[in-house]
Engineer: 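Got a structure for you, questions after.
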Amino acid sequence: MKRKSIIALLIGVFSFGMLSTSCDDMLSPSSERHSYVVAQDTLYSYWGIIKSLQNIAERYVVLGECRGDLISGTTYVSDTIKAILDYDMDLATDGSCRFLQASDYYHVINSCNAYLASCDTARVTGTLEPYMLKEAAQVTAIRAWVYLQLVQVYGEVPFYTEPLLTTDAIDAFMANHPKANAQNLADLLAPDLVKAQQIEMKYGYPQYQEYKGAQSIHSSKCMIPCNVILGDLYLTKGDAASCELAAQYYYDYFSGNQGMSLIPAGGTLPAGYESFGKKYEGETDVTYTNLFSSSSPWTEFGQQTPSKEAVTAIPSTTNKLWGNVLRGVNELFGFESEISVYTSGGQDTVTNATVFLTPKYDAKQLYASKGYFQQALAQNFETYIATDITNINAATPPVIDPNVGDARQYWAKYESRQTYDNGVINLERFISKQNPRGSFTSIYPMIYRKSQLWLRFAEALNRAGYPSYAFAILRNGLCNNTMYYPVPETEDYAKDYAFHYAFTRTLPDNTTYRDTIPAASDMSILSLADLTAAVQADLGADYELQKKGIDSVCISYNNYPNDATNKVLFYLDARETKRNPRFLNFGFEELDGQYASQYVVFSPALSSTQMTMSSVTIASTADSPKGTIGIHSRGCGMLYPETRMGDYDYVGKVIEKAALYGQTITKEDIYSGAYDQLVQDCVEDLIIDEAAMELAFEGNRFFDLMRVAMRRGTPEYLAQRVAMRDGTMDSGLYTKLLNQKNWFFPLPRH
């Protein structure tokens, strides 16, 4: 890149105007404020940074989907969007369209740098709480997320964390500047991010009133969790050690290790989203259940909670007086926007506004590709034949029907009927996901939602060496409970019992301490004497000492007897369970097995013992206390625990994927350790397939394919999928994409 072009880019950054806001309305513009003038006015600057994200919001969707395999262009596609679809870098140059402006990213970055350089984080309120420390942590997370977008779009980019506010600073930067890419970005950003994470865990998110627009959007919906962006950075780096770090950060988000209760735990997937294809008796047409129903993540405007799907959004408005109305992607998908503004008392004060979306066939530039529908039809899981929806339950036998596929293709089938002058009615299909069923939403685009993060957790687990656990996220779900560590019996591959003890030690002052102690695999605990002996054996020389001053120790254990037939995680690899990393400390309480509790009495004052044995709830059922389900169930039918294997089985699916690599393997091969690399590749393919169905049209697809292709060092992984998006191989596009340099847009050179 020429020196002149970089200077021009950064001068644009230098002159960037920050936008300010009031407490009631962060989206009110004030173009006279500049980041380098008001950096010490930290409250206004912080809101301005959040506001500036709107300038790069929609390109997250456009650049993430148009370069993937799930979207194609119509005959009405513009030259600039077609250039993006075709990877035509001679036409898709910086500034050629509103979605290709590298300076917009650096506007945000330089504003973040200025904020962090000037913010007085030592300042405290009257309650001695740090005044802007929480904001500084969030700005650090925002800067990291924007850098990640830059790297994913442009490949290798100039990197700096100090504000460039003068031409001298720019000249010094030009003389010697580092570059960031997918392999080093985590290392460059992690030191500051880890500090921000610690602040976030201690103090929580910044707490503001709701952001006003057509809907009141809670401020927590605009926050980027530090654990999540750290997970993304290490997942993008991609080596096994980095993926293990990524898994830990995602786990910390899900498990509730977030410090202050002001940051909600990520939690399990909401149970209210399962869908499947169904046929009525005597019918040939397939109908699909409603997706999301009334709980669409794009209509979740309130505070984040573990039961909600939405995590982070860049909000739109419905009135330019309140900020940017993000309607560019809706227009590309064929929806014409019309804004109705309401005033009060004949005055010019806007009190309300509404955006209406009308499908327009001749305005639709993008639609779901043939490759997307082919992949949807390949996702056969469970299809039900019944006379009525109420008959579909565990007693209804599943029927595998190759003409049904994944019900989430419903999102690409918003149908609009147009009547022409001759009376002929044509049926047209539109993508309708982030504008559910054609209605405008201010939670747009969705940067993070729950299922997306669970899929990334699965991706990280798999490459960290836990493919069967990764598959469990797809098939049954993992549970969010840190009290017990699951060591299930994989009866087909490990013929022994697995026990795990959770000790709750109660002191006379009623304080408790919890420890976990794994027992020998061949130990059978059937009595109080056995339990007492287990405690004594574990404590060893400390037994007598520990007894003093302790009333009791409650021992809870779980086992998966090898004669079980309905254990939902029966397929977990025993080698993985024995490694027992902290990021797999999910609970037994929502898994099917036996659970027992008994007190070992140390104090004579406690003269009785108790023992209970009971079955616990099933992880995959919707009425589970934590609503844990597998992501695959969200489009392919609920996997009832009575279904021992089903069409979506770990061994069967790995064998199926291995065949595509020309490898014939058996169940014993999968668990032997001799084919671990192949197994991980196969599970990764299953995760990418699942992401295509679950996350389609949200902006993730190219980045998902790119991560896997770069991790494997096989550009054909991305090239083949993208070149096949229209149903047949585009050999020219395939050849172009074999050169990794063609994956990224060029930074400005003039």
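Since this is a predicted model, take the numbers as computed values, not measurements. Numbers here are sequence positions counted from 1.
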Engineer: Could you list the residues that satisfy ring-ring contact (aromatic ring centres under 6.0 Å, His included) with Tyr147, not counting sequence neighbours?
Structural biologist: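 Counting only residues at least two positions away or on another chain, Tyr147 forms a ring-ring contact (aromatic ring centres under 6.0 Å, His included) with Phe159.
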Engineer: Identify, with sequence neighbours excluded, every residue that meets salt bridge (Lys or Arg N to Asp or Glu O under 4.0 Å) alongside Lys221.
Structural biologist: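 By the salt bridge (Lys or Arg N to Asp or Glu O under 4.0 Å) rule, Lys221 matches no residue at all.
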Engineer: Could you note down all residue pairs passing salt bridge (charged side-chain N to carboxylate O under 4.0 Å, His left out) where residues 188-197 supplies at least one of them, sequence neighbours left out?
Structural biologist: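 Qualifying pairs, neighbours excluded: Arg143-Asp192.
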Engineer: Among residues at least two apart in sequence or on other chains, which ones pass ring-ring contact (aromatic ring centres under 6.0 Å, His included) with Phe99?
Structural biologist: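 Phe99 satisfies ring-ring contact (aromatic ring centres under 6.0 Å, His included) with no other residue.
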Engineer: What residues, two or more places apart in sequence or in another chain, satisfy salt bridge (Lys or Arg N to Asp or Glu O under 4.0 Å) together with Glu331?
Structural biologist: Arg98
Engineer: Taking only residues two or more places apart in sequence, or in another chain, which ones meet Ala144 in a side chain to side chain contact (heavy atoms under 4.5 Å, CB included)?
Structural biologist: Leu189, Leu193, Ile229, Leu233
Engineer: What residues, two or more places apart in sequence or in another chain, satisfy ring-ring contact (aromatic ring centres under 6.0 Å, His included) together with Phe333?
Structural biologist: none
Engineer: Tell me every residue that passes side chain to side chain contact (heavy atoms under 4.5 Å, CB included) with Ala247, counting only those two or more places apart in sequence or in another chain.
Structural biologist: Phe457, Ala460, Leu461, Phe583
Engineer: Suppose we screen for side chain to side chain contact (heavy atoms under 4.5 Å, CB included). Which residues come up paired with Tyr367, at least two apart in sequence or across chains?
Structural biologist: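 So Tyr367 forms a side chain to side chain contact (heavy atoms under 4.5 Å, CB included) with Ser72, Thr74, Lys364.
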Engineer: Is there any salt bridge (charged side-chain N to carboxylate O under 4.0 Å, His left out) pair reaching into residues 696-707, and which pairs are they, with sequence neighbours excluded?
Structural biologist: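 Salt bridge (charged side-chain N to carboxylate O under 4.0 Å, His left out) check on residues 696-707 returns Asp69-Arg701, Lys433-Glu698, Arg449-Glu698, Glu459-Arg707, Asp704-Arg707.
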Engineer: The criterion is side-chain hydrogen bond (donor to acceptor under 3.5 Å, both in side chains); which residues satisfy it with Ser219, sequence neighbours excluded?
Structural biologist: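 So Ser219 forms no side-chain hydrogen bond (donor to acceptor under 3.5 Å, both in side chains) with any residue.
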Engineer: Quick one: list whatever passes side chain to side chain contact (heavy atoms under 4.5 Å, CB included) with Ile447, sequence neighbours left out.
Structural biologist: Tyr60, Trp145, Thr312, Ile314, Pro445
